[in-house]
Visitor: 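This is the structure I have questions about; it appears just below.
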Amino acid sequence: GIQVEQSPPDLILQEGANSTLRCNFSDSVNNLQWFHQNPWGQLINLFYIPSGTKQNGRLSATTVATERYSLLYISSSQTTDSGVYFCAVVTTSGTYKYIFGTGTRLKVLA
Amino acid sequence: EAQVTQNPRYLITVTGKKLTVTCSQNMNHEYMSWYRQDPGLGLRQIYYSMNVEVTDKGDVPEGYKVSRKEKRNFPLILESPSPNQTSLYFCASSSSHDNTGELFFGEGSRLTVL
């Protein structure tokens, strides 16, 4: 089945720094999403981005479907950005199933 | 407001005492799913439903039951909870047409089985 790998697994930043999180997937996908799990455990939708580039405030994401990766950019990080970032994909073949990466744990220090 | 609502959000129970975690969505989504999240194991799918009266096992279905009698509701039933079912549970839904639907999560239900 499809493999979804995220890097780096852990990241510590000073407030105000920028960062790039990566999601690699091993097969063609119809659907790719980025989620943020905050310290209270809630899973927040960040981007629905099977291809192309989107921006929402300080966050932006780019998916290059032909090369099977997606990037999440966080600029001017804030302590509220702390938590775990997951990407999830749905493949073009087989069962309609979301496959989640193992996440990037981000800690932003004040 | 479009949302997925789970209840209860927090529950402490004892081994063997049947419990139900409810899940309701107001987006007319066909697809609904339950996940559990445990430290170091990520999100694992328990059961999913592609539409009313259509349910199927996910990766870790043992010890759980589900039903989908109405499109908006997808309850998770633990007939005889055991301590290894202590976990953070998430319900999610999406529109599954053409495999392109955006997945939305509920706020999570933290369950402790003593």
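Per chain, numbering begins at 1; letters A, B, ... match sequence-line order.
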Visitor: Does any heavy atom of chain A fall under 4.5 Å from the side chain of Phe90(B), the backbone, both, or neither of them?
Guide: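 Side chain only.
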Visitor: Looking at Asp56(B), Asp59(B), Leu41(B), which makes the most heavy-atom pairs under 4.5 Å with chain A?
Guide: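 Among the listed options, the one with the most contacts to chain A is Asp59(B).
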Visitor: With a 4.5 Å cut-off on heavy-atom pairs, point out which of Val29(A), Leu43(A), Val84(A) contacts chain B the most.
Guide: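 Between Val29(A), Leu43(A), Val84(A), the count favours Leu43(A).
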Visitor: For chain A, which candidate among Gln37(B), Arg110(B), Arg44(B) shows the most heavy-atom pairs at distances under 4.5 Å?
Guide: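 Top option by heavy-atom pairs under 4.5 Å: Gln37(B).
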Visitor: Just verifying a value: how many Å separate Gln25(B) CD and Met32(B) CE, rounded to the nearest 0.5 Å?
Guide: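 Output value for this atom pair is 4.5 Å.
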Visitor: Drop me the distance from Ser75(A)'s OG to Asn18(A)'s CG, to the nearest 0.5 angstrom.
Guide: 5.5 Å
Visitor: Give a yes or no on this: more than 12 heavy atoms of other residues, nucleotides or ligands lie within 6.0 Å of atom CZ of Arg68(A).
Guide: yes
Visitor: Can you confirm whether or not the ring centre of Phe74(B) sits under 6.0 Å from the ring centre of Tyr48(B)?
Guide: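 Centroid distance Phe74(B)-Tyr48(B): not below 6.0 Å, so no.
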Visitor: Heavy-atom pairs under 4.5 Å with chain A - which of Gly40(B), Gly58(B), Ser94(B) has more of them than the others?
Guide: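 Looking at each of Gly40(B), Gly58(B), Ser94(B) in turn, Ser94(B) comes out on top.
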Visitor: Aromatic rings Phe105(B) and Phe35(A): how do their planes relate, parallel, tilted or perpendicular, breaks at 30° and 60°?
Guide: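 Answer is perpendicular, since the angle exceeds 60°.
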Visitor: Side chain, backbone, both or neither: which part of Leu88(B) has a non-hydrogen atom closer than 4.5 Å to chain A?
Guide: side chain
